[in-house]
**Q** 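Take a look at this one; I'll ask things after.
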Amino acid sequence: MSSSADSTSSQFLHAAPLPGLLNGKPFHGSASYDVKDPHNPSKTLHQVSSITVQDVPAVIDVAQKAFKSWKNSSVIERRNIFIRAGQILRERIPELAKIEFEETTSSEGWAGFEMTLAADSIEETAAAATNALRGEIATTESHQRAYIERCPYGVVLGMAPWNAPLTLCQRAVLQPIMAGNTAILKTSEMSPRTHMILAEVMQQAGLPAGVLSIVHVAPEDAPGVVEAFIKHDAVGKVNFTGSTRVGSIVASLCGKYIKPVVLELGGKAPAIVCEDADLELAANAIKFGGLFHSGQICMATQTAIVHESVVDKFLELLTDKYPRASADPTDGAALRGLFTTVSANRVKEIVDDALSKGAKIVAGEHKVEGNVVQPVLLANVTEDMRVYREEMFAPVFSVLTFTDYEKAIHYANDHDYGLAASVFSKDIDRAYKLARQIDAGMIHTNGPSVHDAPCVPHGGMKKSGFGRFNGIEGIREWSQLKVITINEPHPYPAPSA
């Protein structure tokens, strides 16, 4: 790493307390809080300098001033910065992934994977920008041309979670920035140091001061701070990735202050396995989709809906070498714990409910210790059980069976969510027809529900949210259309005396 990178790192990633980013410099708010080790809540990992409502005007003022020049920068200039940022991130993934591993419950494999995905996304945003922001000319009448331009909103507020911290924080602010906005990132209280990687990478890449601001907020201060940001006149649009419960609150605030918002919320991804499916492929993809990152992915497979004629063979393949979880990253377990003990206890309650109503464990172990939830696969699940409809966000999912495809579609859609899904069949026409009947933003044929390619739109239906990140659509989401007409001299039938 170069000396300039060392200097930047000392300002941000390894400073104590952890600062935010404002006007290109470390920023200390008027409050602070401690980040605890999720596997050992009695241990403090680091102290974080956080903001309160009184700091909000100063943060917005910086972003608002930077917008005046950034909105007039060329797409080529923005693209070159993003290309450099992608290169810098790729070169430093082994080093930076350790920060995520130490701060969160991410495994080493997940941390490296999601940082690679973040680099992919930054580079794809650069590649798609010129097409995404291209205007049009319409000939409305013989004497008139209409220029249809894409212009930015102003200051964008982005709020990102901890579970894929770098991927989700960079898309929350970088796609808006590519569209000509300036952006403020409110970090997750669970992963602020990992989110600050973005400050370091973008500064090294040459992003002008003030275009990106990053602030940390203590949980008790978050409601007031978020509302203060949203209601400010300079904030033109908002995005939030996280739980449906909090997303509803953010949407209500945006409605109150008439601000457009993009929401990417919870999921309950189903996977339909047809009788002609490649069962080994389906089992591997569903195990990956249901258990990777301990199921703490909004697209995680929650329900395997399997044709009755093949369920026995499918379960034999699915349950082979079923993994385990551990708080100790050195003992060889494939999975780590959940992000909080509260979350783990909720999972225990839902599984207890299912077992009390007749569900059966077919793989794994129903065991919760602290924040560590052992993987569990349930069968004999019925519609009156909480596990049937509620998002688990844990390494727990169910197997349902069907003989009638209408029943399979019923199971796939019979919940509040609509983010991702999978269909497994060797008959692609059948798989496509089934996919069209599933209410979800992304349906993957013969592939896992966990999939987020930076070049295709990412977002959900129903209570999984609305709006899209990624690719051309993800950049256009942060621009609004403006029509400017050019008129030649022409007589008008104006009223006259």
Side-chain angles (χ1 to χ4, degrees), residues 38-39 97 100-102 104-114 116-117 162-164 267-271 273 278-304 306 311-341 343-348 350-352 354-355 359-379 381 387 391-400 420 422 424 444 447-451:
H39 284 116
E100 178 177 337
F101 176 75
E102 292 167 357
T104 71
T105 59
S106 298
S107 67
E108 290 178 311
W110 171 259
F113 166 79
E114 82 100 1
T116 301
L117 182 60
W162 54 269
N163 60 320
K268 186 74 176 171
V273 181
D278 180 329
L279 296 182
E280 185 172 0
L281 168 69
N284 287 337
I286 289 170
K287 186 184 290 187
F288 168 82
L291 300 180
F292 194 32
H293 197 25
S294 296
Q296 297 176 113
I297 305 171
C298 52
M299 301 168 283
T301 306
Q302 301 270 298
T303 312
V306 186
V311 69
D312 291 342
K313 180 61 177 176
F314 172 78
L315 283 175
E316 179 184 328
L317 294 165
L318 184 65
T319 58
D320 183 44
K321 297 179 181 178
Y322 218 67
R324 62 184 178 87
S326 173
D328 181 358
T330 67
D331 77 350
L335 306 178
R336 299 180 76 192
L338 302 192
F339 65 111
T340 65
T341 300
S343 179
N345 290 336
R346 171 186 168 272
V347 172
K348 182 180 184 302
I350 294 175
V351 176
D352 284 343
L355 295 176
K360 176 185 175 184
I361 296 175
V362 292
E365 179 184 13
H366 181 33
K367 183 178 180 181
V368 176
E369 294 179 308
N371 70 322
V372 178
V373 174
Q374 293 302 324
V376 173
L377 177 64
L378 297 171
V381 169
V387 73
E391 180 183 27
M392 297 302 297
F393 220 62
V396 176
F397 64 105
S398 309
V399 174
L400 302 174
S422 295
F424 294 88
H444 307 289
S449 60
V450 175
H451 179 274

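Residues take their numbers from the sequence shown, with the count starting at 1.
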**Q** With side chains defined as the heavy atoms from C-beta onward, is the minimum distance between Phe292 and Met299 less than 4.5 Å?
**A**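 Heavy-atom side-chain distance check fails, nothing below 4.5 Å.
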**Q** Looking at CD of Gln302 and CE of Met392, how far apart are the two atoms once the value is rounded to the nearest 0.5 Å?
**A**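 Going from the CD atom of Gln302 to the CE atom of Met392 covers 7.0 Å.
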**Q** Does a side-chain heavy-atom distance below 4.5 Å link Glu114 with His293?
**A**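 Contact flag for Glu114/His293 side chains = no.
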**Q** For the residue pair Ala164 and Trp110, what are the closest heavy atoms and their distance?
**A**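 Closest heavy-atom pair between Ala164 and Trp110: CB-CZ2, 3.8 Å.
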**Q** Could I get the full list of salt bridge (charged side-chain N to carboxylate O under 4.0 Å, His left out) partners for Asp331, not counting sequence neighbours?
**A**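 By the salt bridge (charged side-chain N to carboxylate O under 4.0 Å, His left out) rule, Asp331 matches Arg324.
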**Q** Is the backbone of Asp320 close enough, under 3.5 Å, to the side chain of Lys287 for a donor and an acceptor to pair up by distance?
**A**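 Yes, Lys287 side chain to Asp320 backbone: donor-acceptor pair under 3.5 Å.
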**Q** Find the distance between CD1 (Ile350) and CD (Glu391) and round it off to the nearest 0.5 Å.
**A**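 Result: 9.5 Å between the selected atoms.
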**Q** Is any side-chain heavy atom of Phe424 closer than 4.5 Å to one of Leu279?
**A**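 Not in contact.
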**Q** For Gly112 and Ala97, work out which heavy atoms get closest and say how close.
**A**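 Minimum heavy-atom contact is N-CB, 4.1 Å.
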**Q** After noting the C-alpha distance and the side-chain angles of Leu315 and Val306, does the key distance pass the side-chain contact (heavy atoms from CB on, under 4.5 Å) rule?
**A** CA-CA 9 Å; Leu315 283 175; Val306 186; over 6 Å; no
**Q** Do the side chains of Ile361 and Leu378 get nearer than 4.5 Å, heavy atoms only?
**A**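 Answer yes - side chains close enough.
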**Q** Can Asn163 and Phe339 be said to form a side-chain contact (heavy atoms from CB on, under 4.5 Å), step by step?
**A** CA-CA 8 Å; Asn163 60 320; Phe339 65 111; over 6 Å; no
**Q** With a 4.5 Å heavy-atom cut-off, do Val351 and Val387 have their side chains touching?
**A**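 No, every pair of side-chain atoms sits at 4.5 Å or beyond.
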**Q** Please walk me through it: do Thr105 and Trp162 pass side-chain contact (heavy atoms from CB on, under 4.5 Å)?
**A** CA-CA 9 Å; Thr105 59; Trp162 54 269; 4.2 Å; yes
**Q** Which side-chain N or O atoms in residues 362-374 pair as donor and acceptor under 3.5 Å with protein atoms at least two apart or in another chain?
**A**
{"residue": "His366", "atom": "NE2", "partner": "Asp352", "partner atom": "OD1", "Å": "2.7"}
{"residue": "Asn371", "atom": "ND2", "partner": "Pro38", "partner atom": "O", "Å": "3.1"}
{"residue": "Asn371", "atom": "ND2", "partner": "Leu338", "partner atom": "O", "Å": "2.7"}
{"residue": "Gln374", "atom": "OE1", "partner": "Ala325", "partner atom": "N", "Å": "3.0"}
{"residue": "Gln374", "atom": "NE2", "partner": "Ala325", "partner atom": "O", "Å": "2.8"}

**Q** Before you tell me yes or no, could you show the steps for Leu377 and Phe397 under side-chain contact (heavy atoms from CB on, under 4.5 Å), namely the whole-Å CA-CA distance, both residues' side-chain angles and the distance that decides it to 0.1 Å?
**A** CA-CA 5 Å; Leu377 177 64; Phe397 64 105; 3.6 Å; yes
**Q** Answer yes or no on whether Arg346 is positioned over the face of Phe393, meaning its NZ or CZ is under 6.0 Å from the six-membered ring centre and within 45° of the axis.
**A**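 Verdict for Phe393: no cation-pi partner in Arg346.
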**Q** Could you give the distance from OG (Ser106) to CZ (Phe113), rounded to the nearest 0.5 Å?
**A**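 The distance works out to 11.5 Å.
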**Q** What I'd like to find out is whether the side chain of Asp312 reaches to under 4.5 Å of the side chain of Glu316, using heavy atoms alone.
**A**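 They are not in contact (no side-chain heavy atoms under 4.5 Å apart), so the answer is no.
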**Q** Would you compute the distance between atom CG of Leu291 and atom CG of Leu318 and round it to the nearest 0.5 angstrom?
**A**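 Rounded to the nearest 0.5 Å, the CG-CG separation comes out at 8.0 Å.
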**Q** Of all heavy-atom pairs between Gly295 and Ala300, which one has the smallest distance, and what is that distance?
**A**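 The pair with the smallest heavy-atom distance is O-CB, 3.7 Å.
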**Q** Roughly how far, to the nearest 0.5 Å, is the OG atom of Ser107 from the CD atom of Glu100?
**A**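 If I round to the nearest 0.5 Å, the distance is 8.5 Å.
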**Q** Test of understanding: with side-chain contact (heavy atoms from CB on, under 4.5 Å), list the residues that count as partners of Ser449, not counting sequence neighbours.
**A**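 side-chain contact (heavy atoms from CB on, under 4.5 Å) check on Ser449 returns Ala269, Thr301, Ala420, Ser422.
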**Q** Over all heavy atoms of both residues, which pair between Arg336 and Ser294 is shortest? Give the atoms and the distance, please.
**A**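 That closest heavy-atom pairing would be O-OG, 2.8 Å.
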**Q** Here's a test for you: under side chain to side chain contact (heavy atoms under 4.5 Å, CB included), which of Thr341, Thr340, Asn345 qualifies with Ser343?
**A**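 Answer to the side chain to side chain contact (heavy atoms under 4.5 Å, CB included) test with Ser343 among Thr341, Thr340, Asn345: Thr340.
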